[in-house]
Trainee: 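For reference, the structure I am asking about is given below.
All heavy atoms count here, side chains included; hydrogens, waters and symmetry mates do not. Below, read A as the first sequence line, B as the second, and so on, with proteins coming before strands; counting in each chain starts at 1.
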Amino acid sequence: MAKKTIREAINEALRLEMARDPAVVVIGEDVAGGAGLDGEEDAFGGVMGVTKGLYGAFGAPRVIDTPISETAIMGMAAGAAATGLRPVAELMFCDFMGVCFDQILNQAAKFRYMFGGKARTPLVVRNMYGGGLGAAAQHSQCLYGMFTAVPGIKVVVPCNAYDAKGLLIQAIRDDDPVIFFEHKAMYDVADEVPDEAYTIPFGEANIVREGGDVTIVALGRMVRVAAKAAEQLAADGIEAEVIDLRTTSPLDEETIIESVEETGRLVIVDEANPRCSIAADVAALVAGQAFERLEAPIRQVTAPHTPVPFSPELERLYLPDAGRVAQAAREIAG
Amino acid sequence: MAKKTIREAINEALRLEMARDPAVVVIGEDVAGGAGLDGEEDAFGGVMGVTKGLYGAFGAPRVIDTPISETAIMGMAAGAAATGLRPVAELMFCDFMGVCFDQILNQAAKFRYMFGGKARTPLVVRNMYGGGLGAAAQHSQCLYGMFTAVPGIKVVVPCNAYDAKGLLIQAIRDDDPVIFFEHKAMYDVADEVPDEAYTIPFGEANIVREGGDVTIVALGRMVRVAAKAAEQLAADGIEAEVIDLRTTSPLDEETIIESVEETGRLVIVDEANPRCSIAADVAALVAGQAFERLEAPIRQVTAPHTPVPFSPELERLYLPDAGRVAQAAREIAG
Amino acid sequence: MQIGRDDLIAAWRSMVTIREFEERVASEFATGDMPGFVHLYAGEEAIAVGACLDLSDTDVIGSTHRGHGHYIAKGCDVEGMMLELFGRKGGLCGGKGGSMHIADLDKGMLGANGIVGAGAPLIVGAALTAKTLGTGGVAVGFFGDGATNQGAVFESMNMAVVLKLPVVFVFENNYIGKGTGVDYAVGSRDIAARAAGFGMPVEKVDGRDFFAVHDAMRTCIARARDGEGPSGIEALSPRYYGHFQGDPQAYRAKGEVEALRAEHDCLAIFRARVVEAGLIEAAALDEVQAAARQLVDDAVRTARAAPPPSAADLTTDVYVSY
Amino acid sequence: MQIGRDDLIAAWRSMVTIREFEERVASEFATGDMPGFVHLYAGEEAIAVGACLDLSDTDVIGSTHRGHGHYIAKGCDVEGMMLELFGRKGGLCGGKGGSMHIADLDKGMLGANGIVGAGAPLIVGAALTAKTLGTGGVAVGFFGDGATNQGAVFESMNMAVVLKLPVVFVFENNYIGKGTGVDYAVGSRDIAARAAGFGMPVEKVDGRDFFAVHDAMRTCIARARDGEGPSGIEALSPRYYGHFQGDPQAYRAKGEVEALRAEHDCLAIFRARVVEAGLIEAAALDEVQAAARQLVDDAVRTARAAPPPSAADLTTDVYVSY
Ligand SMILES: Cc1ncc(C[n+]2csc(CCOP(=O)(O)OP(=O)(O)O)c2C)c(N)n1
Ligand SMILES: Cc1ncc(C[n+]2csc(CCOP(=O)(O)OP(=O)(O)O)c2C)c(N)n1
Ligand SMILES: [Mg+2]
Ligand SMILES: [Mg+2]
């Protein structure tokens with residue numbers, strides 16, 4: 001089995017599904033690139049090169065470059081999904097949901113319910129989230145919480161190449177709208193990824209590390225932060241169980257609760273701002289359903305209630321790190 | 001002191017502030033109505049008649065009817081706020097934030113931080129939220145949680161006419177962007193409201209009812225539901241303390257925690273969907289900061305994770321009611 | 001224009017069914033038994049029917065908050081809609097959608113929409129499906145004069161032109177958006193010309209004249225089917241009722257609606273034309289209208305007798321699987 | 001056009017300062033010491049400077065992600081921007097904004113914007129302030145060819161026309177939006193005509209010719225100041241660098257940029273014009289350019305020597321009061 005980066009894993013997932021199903025199309029700005037210009041075709045292959053080569057393999061009718069019109073992109077994808085295609089639309093940065101949220105919030109998410117169960121909307125929206133690249137306040141947010149809040153939407157936040165491929169293939173074959181979050185600073189992270197197609201079911205969290213002293217729930221890039229913290233804690237003789245949510249909607253409540261019932265202690269690590277976040281959501285779940293077994297306050301390690309700062313020094317302070325996670329765990333696992 | 005409806009209280013707040021400060025303008029669709037037509041001027045005064053009469057009192061330059069272009073409305077208001085006006089923009093239904101969220105999420109909310117503290121954006125966005133009128137999935141949502149999640153924004157959710165007037169005047173005089181939520185089914189609810197201008201500070205929850213057995217935190221229309229539940233509980237000898245949040249950002253953490261430290265029990269009532277909600281946010285706060293004094297699981301009484309149904313029978317089942325709140329309280333106050 | 005007798009009868013049936021339906025909904029809503037908000041299409045029948053007459057179930061339409069007429073013109077079930085408007089079990093959306101979300105995907109009716117302008121990207125998507133899968137279908141979107149100022153509509157026109165998609169934009173200019181006049185809200189004061197500036201032909205027609213609408217649409221639909229890309233029409237016709245039921249229409253001149261009904265009603269215009277041209281005899285038209293009235297009357301009786309959705313329906317249909 | 005010598009010198013100073021700044025940022029960014037993303041304006045200097053020459057601090061401009069040129073043309077502090085681009089204390093935004101959010105409200109620079117098209121409603125708002133408070137100011141918004149396809153820009157043009165606001169829309173057509181050509185992305189293939197369809201005059205000019213831009217803008221600004229409402233210009237001029245630094249520009253033909261630099265550079269055109277017309281002697285121009293280079297060099301030295309923001313800055317400036 002070959003090592004592949006998250007970039008390669010996602011590209012491979014798209015390739016396999018486009019080859020398997022003619023209804024799968026990729027839509028977005030510069031998903032190929034070079035349209036209407038004198039240089040190369042497929043000049044970008046997505047701003048991060050994730051869709052590179054798909055244009056050559058499947059051509060313009062399946063890899064669709066668009067004007068800078070996210071509302072039209074998302075709505076076109078939603079309308080196409082409701083009428084027979086399986087579009088994978090690229091939003092580029094999740095921050096741009098601000099200009100096109102209606103087509104997800106009020107359209108794609110609600111078709112099935114509003115239309116009395118008669119609609120199917122197999123739409124996938126790929127987007128980039130997260131800090132670490134100095135992209136500042138409008139290109140670094142973690143907005144998966146807002147999508148998780150919307151009934152009718154599924155939300156995926158993979159943390160490695162293996163999961164990214166399996167979850168994306170699942171998302172494309174899924175009959176509901178799925179928002180797929182990719183961390184912009186993780187595309188080059190590589191691990192073992194099979195060449196063939198495989199799916200990872202939604203709503204099944206991954207226990208990255210077993211431990212009986214404290215449960216650390218994390219998602220996306222924060223899973224690696226949590227794992228690093230767990231190592232530091234192990235050195236102090238504290239065994240942390242690290243849970244990667246993989247999907248926030250559906251949420252694997254069972255795995256979280258079972259773990260906390262064992263450890264009695266919970267730390268949640270979320271790169272997002274704290275208010276109405278996934279961190280708060282998981283804390284509330286446990287405070288409601290595992291209270292009797294809880295032996296300490298639930299700690300959330302998140303970004304502060306501020307926009308993402310530009311300066312690298314400030315951004316480093318803004319982002320949760322292993323030290324803060326370990327510290328939070330020590331405070332309650334004492 | 002005269003009894004006034006929430007509609008009248010809001011109208012009065014706008015009148016007083018417009019008279020007091022020439023920089024205050026009202027912007028929105030049919031905030032007057034009748035523009036370019038042969039009938040009456042000020043024909044609508046807002047879809048619910050809340051701004052009725054302002055046009056006559058202050059004229060077109062201060063009461064600005066617009067095309068159906070929410071992005072331009074919100075952005076114009078944000079840009080005007082950043083350059084010297086104090087606009088009160090009307091979004092009509094909060095559900096419409098989907099078509100204009102960027103101007104709040106990425107613009108108004110972030111100016112001050114991105115520009116290094118040099119910007120002031122005294123913007124107020126009035127909107128209607130909530131169910132109960134059979135307005136269905138795209139006109140009944142409770143989206144205050146999504147705005148609460150955004151650093152740089154303040155969020156107000158009044159539950160009666162007195163608070164609506166005082167909080168709106170505060171919002172207009174406030175130098176930060178404020179999203180002001182009005183429940184569409186409560187405009188005719190009346191109580192004692194002074195004629196003169198007064199302000200209610202943000203971040204100060206209101207203890208609607210004192211009690212030592214269980215704390216019930218609620219907001220907006222759910223405050224009345226919580227109060228009703230408290231009466232039912234009193235009949236069973238359970239004394240509930242009912243807290244009206246008034247503003248979700250800033251959040252009065254102190255009042256909530258002090259109360260739970262007394263009662264040891266918490267129920268949160270929120271008309272919104274459950275995931276990443278204010279209910280979850282408050283539960284997480286208490287699970288982190290009042291855990292030692294907590295004697296029972298934290299219960300959330302919210303709408304289910306579904307869109308808002310149209311049929312009145314289904315909508316009644318969808319909305320939290322006093323019976324469910326009392327039941328949740330009994331389960332933990334037993 | 002040559003339209004066969006059967007098609008003319010079909011068109012008349014659609015137009016009078018819409019009129020009978022809307023007039024009846026007005027009175028039913030007034031009883032207080034019909035929940036929520038309803039926006040009535042009476043007065044604009046010729047637009048929906050002229051636009052949809054040549055469409056089949058493989059063609060898709062996107063509607064607005066004022067969707068009853070588009071729904072009937074597209075051949076969807078009248079009783080199913082009446083049940084839905086009353087929020088009853090058996091309603092076309094199971095009572096979960098109501099008037100503002102009335103839809104029938106099997107018939108290519110992609111739904112009314114409570115968000116003004118939001119249907120535009122959706123029908124562009126339906127057109128993308130048709131082009132990508134080669135179904136030969138076209139997508140027709142309806143938009144009010146007010147909706148033409150929404151970013152979603154502008155972006156969609158450009159997108160359809162760029163991707164050369166089989167879309168027809170139907171701009172229903174009833175000269176009012178809620179309580180605001182089109183000459184105030186549309187800065188250019190010309191919806192068709194502004195739309196044409198996006199790079200597609202847009203023809204302005206009298207929306208009260210079924211034949212004018214049908215002629216113009218025939219050209220647009222043929223162009224779309226031939227792979228020549230999008231186009232549009234601006235059809236002018238008034239609405240007879242308020243923006244929503246309960247709206248006193250203070251923004252309109254006294255007697256404005258009465259005059260419009262008396263002098264330029266689209267049904268009367270159609271009737272006069274076909275009778276004078278000897279295409280259909282008045283009696284036949286009356287028969288069709290009587291049948292339509294009966295159909296609506298039966299639908300109301302069925303709807304009023306129908307039970308509400310069951311409690312279990314509250315949490316179904318959120319996801320295909322979760 | 002008659003522009004006094006001082007104004008010509010000022011224009012030249014702005015243009016060469018932008019050029020020197022951008023060329024230097026390119027090399028500084030290449031060292032890896034400059035964080036984040038930068039989008040360079042080199043090649044388009046005549047547009048920003050021609051558009052801003054007649055503006056005062058009471059006039060407001062709204063910029064784009066490619067904002068360095070607009071910022072300098074509006075007379076904002078060069079050292080403050082260089083510090084900001086390096087994310088240092090003392091940067092104009094305290095190191096919290098960076099290149100994509102460079103702003104100076106005191107000088108009427110409402111900010112670069114990381115969201116394409118989002119500046120449009122904002123400058124309409126600035127114009128509303130000017131009109132409501134009677135400041136006599138105008139608002140000028142800059143938008144790329146790609147941005148002209150955003151709903152926010154379309155809605156804003158209509159809003160400005162409806163409210164007759166003192167806005168000037170400057171469409172900077174460098175014929176590329178990231179990696180997509182304008183003739184692909186703009187279905188009508190004519191930005192100016194499409195914009196004019198919204199009900200305002202929009203003139204197409206050679207954006208490499210400072211004088212052409214300035215002339216057209218003079219008319220637009222006068223119109224706005226006289227309360228006659230919005231207008232716009234479409235100015236054509238290429239960008240010399242990639243979409244962002246690090247972009248290999250594979251979408252461009254080989255030698256395309258080199259040819260543009262050699263044959264149609266806006267600085268060369270300006271220089272030739274004023275020297276040949278005997279308005280300014282070459283030596284004076286060289287002096288100004290040398291000073292600009294020195295200014296930028298000093299700014300880099302200051303920025304590289306400056307400390308980062310302090311940790312406490314992370315949580316300040318979120319609210320005026322909370
Ligand atoms: C995005 C959005 N903005 C505002 C509204 C409120 N609203 C519903 S219909 C309407 C007027 C629409 O006018 P027009 O497009 O001319 O259609 P008509 O009602 O005349 O058929 C408005 C403002 C909405 N539903 N969605
Ligand atoms: C809403 C939004 N969509 C997409 C992007 C990504 N993006 C940034 S700049 C750009 C291209 C802009 O092209 P144009 O408007 O022509 O300006 P230019 O870069 O040529 O100056 C794109 C697609 C963005 N920042 N915001
Ligand atoms: Mg209308
Ligand atoms: Mg460009």
Trainee: If I measure from the heavy atoms of chain B, does D:V318 come under 4.5 Å with its side chain, its backbone, both, or neither?
Mentor: both
Trainee: Enter the distance from B:T71:OG1 to D:F154:CZ here, rounded to the nearest 0.5 Å.
Mentor: 12.5 Å
Trainee: Checking heavy atoms, do the side chain of D:T135, its backbone, both or neither come under 4.5 Å from chain B?
Mentor: neither
Trainee: Ignoring hydrogens and angles, tell me if any N or O in the side chain of D:T129 forms a donor-acceptor pair with the backbone of B:A80 under 3.5 Å.
Mentor: yes
Trainee: Side chain, backbone, both or neither: which part of B:F115 has a non-hydrogen atom closer than 4.5 Å to chain D?
Mentor: both
Trainee: Do the non-hydrogen side-chain atoms of B:L85 and D:L133 ever get within less than 4.5 Å of each other?
Mentor: yes
Trainee: Where does B:K110 contact chain D at under 4.5 Å (heavy atoms): side chain, backbone, both or neither?
Mentor: neither
Trainee: Are there more than 12 heavy atoms of other residues, nucleotides or ligands under 6.0 Å from atom CD of B:E254?
Mentor: no
Trainee: Sort out for me which of D:A118, D:G97, D:A152, D:G94 touches chain B most, counting heavy-atom pairs under 4.5 Å.
Mentor: D:A118
Trainee: Considering only heavy atoms from C-beta outward, does the side chain of D:L314 approach that of B:Y113 to under 4.5 Å?
Mentor: yes
Trainee: Which one, B:S249, B:A23, B:C100, B:A119, leads in non-hydrogen pairs under 4.5 Å with chain D?
Mentor: B:S249
Trainee: Please flag which part of D:L92 lies under 4.5 Å from any non-hydrogen atom of chain B: side chain, backbone, both or neither.
Mentor: both
Trainee: Could you look at B:T121 and say if it's the side chain, the backbone, both or neither that has a heavy atom under 4.5 Å from chain D?
Mentor: neither
Trainee: Count the heavy-atom pairs under 4.5 Å between each of B:M74, B:Q107, B:R112, B:K154 and chain D, then report the option with the highest count.
Mentor: B:R112
Trainee: Could you check if a side-chain atom of D:P121 sits within less than 4.5 angstrom of a side-chain atom of B:E70, using non-hydrogen atoms only?
Mentor: no
Trainee: What part of D:N113 gets within 4.5 angstrom of chain B, counting heavy atoms only: side chain, backbone, both, or neither?
Mentor: side chain
Trainee: What residue in D:I102, D:L163, D:N158, D:V60 has the most heavy-atom pairs under 4.5 Å with chain B?
Mentor: D:L163
Trainee: Any side-chain to backbone donor/acceptor pair from B:D176 onto D:S321? Under 3.5 Å, distance only.
Mentor: yes
Trainee: Taking C-beta and beyond as the side chain, do D:Y322 and B:P151 meet within less than 4.5 Å on heavy atoms?
Mentor: no
Trainee: Looking only at non-hydrogen atoms, find the nearest pair between B:A72 and D:M159 and report the distance.
Mentor: CB-CE, 3.7 Å
Trainee: With a 4.5 Å limit on heavy-atom distance, are the side chains of B:Q103 and D:L122 in contact?
Mentor: yes
Trainee: Please report the shortest heavy-atom distance between D:A126 and B:T83, naming the atom on each side.
Mentor: CA-OG1, 3.7 Å
Trainee: Determine the option with the most heavy-atom pairs under 4.5 angstrom with chain D, choosing from B:G152, B:P177, B:G117.
Mentor: B:G152
Trainee: Kindly compute the distance separating CD1 (B:I27) from CG (D:L128), expressed to the nearest 0.5 Å.
Mentor: 5.5 Å
Trainee: Among the options B:I68, B:D174, B:V25, B:D102, pick out the one with the most heavy-atom pairs lying under 4.5 Å from chain D.
Mentor: B:D102
Trainee: At a heavy-atom separation under 4.5 Å, does D:I123 approach chain B through its side chain, its backbone, both, or neither?
Mentor: neither
Trainee: Calculate, to the nearest 0.5 Å, the distance between atoms NZ and CE belonging to B:K118 and D:M109 respectively.
Mentor: 12.0 Å
Trainee: Out of D:V162, D:D313, D:V320, D:V124, return the one with the most heavy atom pairs under 4.5 angstrom to chain B.
Mentor: D:V320
Trainee: Counting heavy-atom pairs under 4.5 Å to chain D, which of B:G84, B:P122, B:A35 comes out on top?
Mentor: B:G84
Trainee: With a 6.0 Å cut-off (strictly less than), is the heavy-atom count around CD of B:Q289, excluding the residue itself, greater than 12?
Mentor: yes
Trainee: Can you name the closest pair of heavy atoms from B:A82 and D:L110 and give their distance?
Mentor: CB-CD1, 4.1 Å
